[in-house]
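These notes are about the structure you will find just below.
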Amino acid sequence: MRRVVEGAGYQVLSTGDEERPEEAVAEDMRRTQEAWNRFKYSLVPGSIIMVLMAVHYMSPVSIPFYVLFTLLLGFPVVFIWGWPTQRSALKAFRNLRPNMDSLIALGSAPPYVMGIAGLWFPYVTFVEMATWIMIFHLLGRYLEVKARGRASQAIKRLLTLGAKNARVLRAAGEMEVPITEVEVGDVMIVRPGEKIPTDGEVLEGESAIDESMATGESLPVEKKPGNEVIGATVNGRGLLKVRATKVGRDSFLSQVVKLVEQCQGSKIPIQEWADRVTGYMVPTVIGYSLLTFILWMVFPGFFVGFIERFDFLPWVNPDLPGLVLAILATVAVLVISCPCALGLATPTALMVGSGFGAERGVLIRKGEAIQTMKEVRAIILDKTGTLTKGKPEVTDVVSSDAHSEEQVLYYAASLEQGSEHPLGEAIVNRARNQGIRLDEPRSFEALTGAGVKGVVNGIEVLVGKPEILENGGLEPEMQDRLNALQGEAKTVMTVVADNSILGMIAVADSLKEGTAEAIRELQGLGLKTIMLTGDNRSTAEAIAREIGIDEVYAEVLPGEKVEMVTRAQQKYGMVAMVGDGINDAPAIMAANVGIAMGTGTDIAIEAGDIILVRGEISGIVSAIRLSKATFSKIRQGYFWAWFYNGTAVPIAGLGLLHPMIGALAMAVSSFTVTMNAIRLKKARI
């Protein structure tokens, strides 16, 4: 199979298991060194040829056996160090699919072979030209490989982030082992200032973790028992015991590297167009070069008369034989037209853009999202887990005149310790975060659909819906506050002790920080914002008013989300869907661009084209800006590639551009396009 694939003109990169990122980086370094060696070694005989040529043609005495010397010196350059190019061209011609290497081969091998006749016939040979065309081509290849290596440095930096060793608790006690020997379930000891070896769950200890490498967020994140931690993040303070939950290729860092590699290896629509153009361009260039040769031979007077006006240029010599001038013009067209820059514009920008995004918490799974995201006109956002945190939190504590907020929380949280309801858990968490010491409840009883009751510190306590109150309910002032809280789409529970109303506690699925600001930024970019939720309309509209959402689809069943996406596409055009749950996955797939929260389910993440590691919708703004910046670089690359070819080809055809200068310009143009793409790293996203 390898022989068949290579015989068709393609390169087989791997025939074994999936290549590890470390191996890919090592291979990248090897190719860079190999490209440098080819250029470096070819430069020695090439320089000698230039010196000999200067002496031979500019001194009164000619060098004996000059043609033989140049042939011997030029052979390794054109056919040894330049053999990969010649081989690629031969295979391409054999399959009737000429490529970029075909143009270089035609500009170097035939002129060299024609130079052999100079051993017997006294005419100007083209060995020097053939040699230096290949040298400049090798220089261009080296610059491309090196620049593309710089473009993919994101993967190299990610790989260096991981810990090399881990301290684990084994039967023999604490021991240090290579990271490759850590297994799921191992308990790792992480001291202050050390990297967390792999993804896991905190068992003991509290600390602030620097997760900037994963989320781009500079502020440390507080961690305590039960919290998840990410491998390669840095433990700021406090000793932690962490149970490994994901190792090797399953870890967060390995998944990020895999996603970046997938994106960098994918093609976007505009690149496929460029590939088709290149496929037609090479045969067109060959045809144009043949036409150039024919025109020079048919109308030599016209062309010689034209270049006589430019004989002040050092490389223009109208006194050369007509055949020589025709060959020079033909080879110049072949070399200058090589669409290397056109082929580099997209993949290089995609490499830089995806790596740059990964470093800032925006992972691009599919390269085509880069092109599509900038064209999105509406953003559909699932509410729970996307706009909100996905779990209830206490938002308000209201106490009666005779009691304090701390008393309200004390009695309510002490009683709710016996409950497994999420609302009760939210109350307990709020009390503990405020440092309130709780007592164990007795005679705990759940009132179905109404609340809970029990005895706390000898006092009978009741926590539940306002409807459970007896004896007339709330005072007018408390009733007004209750109505206001319910109008804000919050669940309100009253707290009663010994038949006396202590106060009320409001619980809601809180909005994520910065949500309203992110919505405003999206609207500032000209996007319509749409919220999708299964909640009742009053709750949905209250949240929409708070953050400024343009449209609301409420009471939507999971199976109806795809229909909502289709409806938005018919109304606005390109649509992005943002979600985090299993029920969001079909809608994420149906949208033009699917965006998954990195904090969501694996199924949603697999469905997404873009993943926001931090799980914040501000990442959507970053993704849009990244898309626009990356595509801008792609367009700039195409512009300069076409401008270069459109300007240089006619000049070469008229005989005003020496082939060696054209080869150098070709190398520089490819390098320029690549370096322009690397400037993406300075973009503000």
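Bear in mind the structure is a predicted one, so any value in this text is a computation, not a measurement. Note that these values count all heavy atoms, side chains included, but never hydrogens, waters or copies made by symmetry. The first residue in the sequence is number 1, and the count goes up from there.
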Considering all heavy atoms of both residues, which atom of Asn235 and which atom of Val190 are nearest to each other, and what is their separation?
ND2-O, 3.2 Å
Option from Lys571, Gln569, Met564 for which side-chain contact (heavy atoms from CB on, under 4.5 Å) with Arg567 holds:
Met564
Ile620 and its side-chain contact (heavy atoms from CB on, under 4.5 Å) partner, picked from Ile519, Ile610, Val593, Ile595
Ile595
Can you find a heavy atom in the side chain of Leu363 that is under 4.5 Å from one in the side chain of Leu612?
no
Can you name the salt bridge (charged side-chain N to carboxylate O under 4.0 Å, His left out) partners of Glu521, sequence neighbours left out?
Arg625
Looking at residues at least two apart in the chain, or sitting in another chain, which of them share a side-chain contact (heavy atoms from CB on, under 4.5 Å) with Thr388?
Lys383, Thr384, Asp509, Leu511
Would you please test Arg481 and Asp396 for side chain to side chain contact (heavy atoms under 4.5 Å, CB included) and show each step?
CA-CA 11 Å; Arg481 189 66 190 277; Asp396 302 88; 3.9 Å; yes
Just jot down the side-chain contact (heavy atoms from CB on, under 4.5 Å) partners of Ala244, sequence neighbours excluded, or say none.
Val182, Met188, Thr198, Val247
Salt bridge (charged side-chain N to carboxylate O under 4.0 Å, His left out) between Glu201 and Arg243, intermediate numbers included
CA-CA 5 Å; Glu201 179 185 352; Arg243 183 177 66 243; 2.7 Å; yes
Taking only residues two or more places apart in sequence or in another chain, which ones pass side-chain contact (heavy atoms from CB on, under 4.5 Å) with Lys628?
Lys374, Leu525, Ile624
Residues forming a side-chain contact (heavy atoms from CB on, under 4.5 Å) with Gln434, sequence neighbours excluded:
Leu409, Arg430, Ile436
Looking only at heavy atoms, what is the nearest atom pair of Ile505 and Ala412, with distance?
CD1-CB, 3.6 Å
Taking Asp210 for its side chain and Val234 for its backbone only, find out whether a donor-acceptor pair lies under 3.5 Å.
no
N/O donor-acceptor pair under 3.5 Å between Thr515 side chain and Lys512 backbone:
yes
Donor-acceptor check, side chain of Asn429 to backbone of Ala426, threshold 3.5 angstrom: yes or no?
no
Would you say that Pro392 contacts Thr491 through its side chain, given a criterion of any heavy-atom pair below 4.5 Å between the two side chains?
no
Beyond-backbone contact of Ile530 with Ile549, side-chain heavy atoms, under 4.5 angstrom:
no
CD of Glu206 to CG of Asn227, rounded to nearest 0.5 Å, is 9.0 Å
Okay, side chain of Lys561, backbone of Leu532: is any donor-acceptor separation there less than 3.5 Å?
no
Mind listing the closest non-hydrogen atom pair of Ala540 and Met531 along with its distance?
O-CE, 3.1 Å
Check: Ile617 and Leu381 side chains under 4.5 Å, non-hydrogen atoms
yes
Do the non-hydrogen side-chain atoms of Met493 and Met504 ever get within less than 4.5 Å of each other?
no
Take Val578 and Ile379 through the side chain to side chain contact (heavy atoms under 4.5 Å, CB included) test and state the conclusion after the steps.
CA-CA 7 Å; Val578 189; Ile379 302 282; 3.9 Å; yes
Quick one: ring pair (Phe, Tyr, Trp, His ring centres under 6.0 Å) partners of Phe643, sequence neighbours excluded?
Phe639, Trp640
Can you find a pair of side-chain heavy atoms, one from Thr395 and one from Val507, that are under 4.5 Å apart?
no
Going through the distances and angles, do Gln636 and Ser632 end up as a side chain to side chain donor-acceptor pair (under 3.5 Å)?
CA-CA 6 Å; Gln636 290 172 16; Ser632 173; 3.2 Å; yes
Looking at Glu228, I'd like to know if its CD atom is crowded, meaning that more than 12 non-hydrogen atoms belonging to other residues, nucleotides or ligands lie closer than 6.0 Å.
no
If you round to the nearest 0.5 Å, how far is CD1 of Ile196 from CG of Leu240?
6.5 Å
Taking the side chain as every heavy atom from C-beta outward, state whether Met577 and Asp382 have any pair of such atoms under 4.5 Å apart.
yes
Can Asn592 and Thr372 be counted as having a side-chain donor-acceptor contact under 3.5 angstrom?
no
Indicate the atoms forming the closest heavy-atom contact of Thr386 with Met597, along with that distance.
CG2-CE, 3.4 Å
Looking only at non-hydrogen atoms, find the nearest pair between Val362 and Gly619 and report the distance.
CG2-O, 4.0 Å
Tell me yes or no: between the side chains of Thr529 and Gln523, is some donor less than 3.5 Å from an acceptor?
yes
Side-chain donor or acceptor of Thr233 paired with backbone N/O of Val229 under 3.5 Å:
no
Does CD in Glu393 sit with more than 12 non-hydrogen atoms of other residues, nucleotides or ligands closer than 6.0 Å?
yes
Got a second to check how far Lys633's NZ is from Thr630's OG1, nearest 0.5 Å?
10.0 Å
Between Ile427 and Glu416, does a side chain to side chain contact (heavy atoms under 4.5 Å, CB included) hold up when you go through it step by step?
CA-CA 7 Å; Ile427 295 173; Glu416 291 286 4; 4.3 Å; yes
Is there a side-chain contact between Leu527 and Val376, using heavy atoms and a 4.5 Å cut-off?
yes
Shortest non-hydrogen pair, Pro466 vs Val492, comes out as CD-O, 3.5 Å
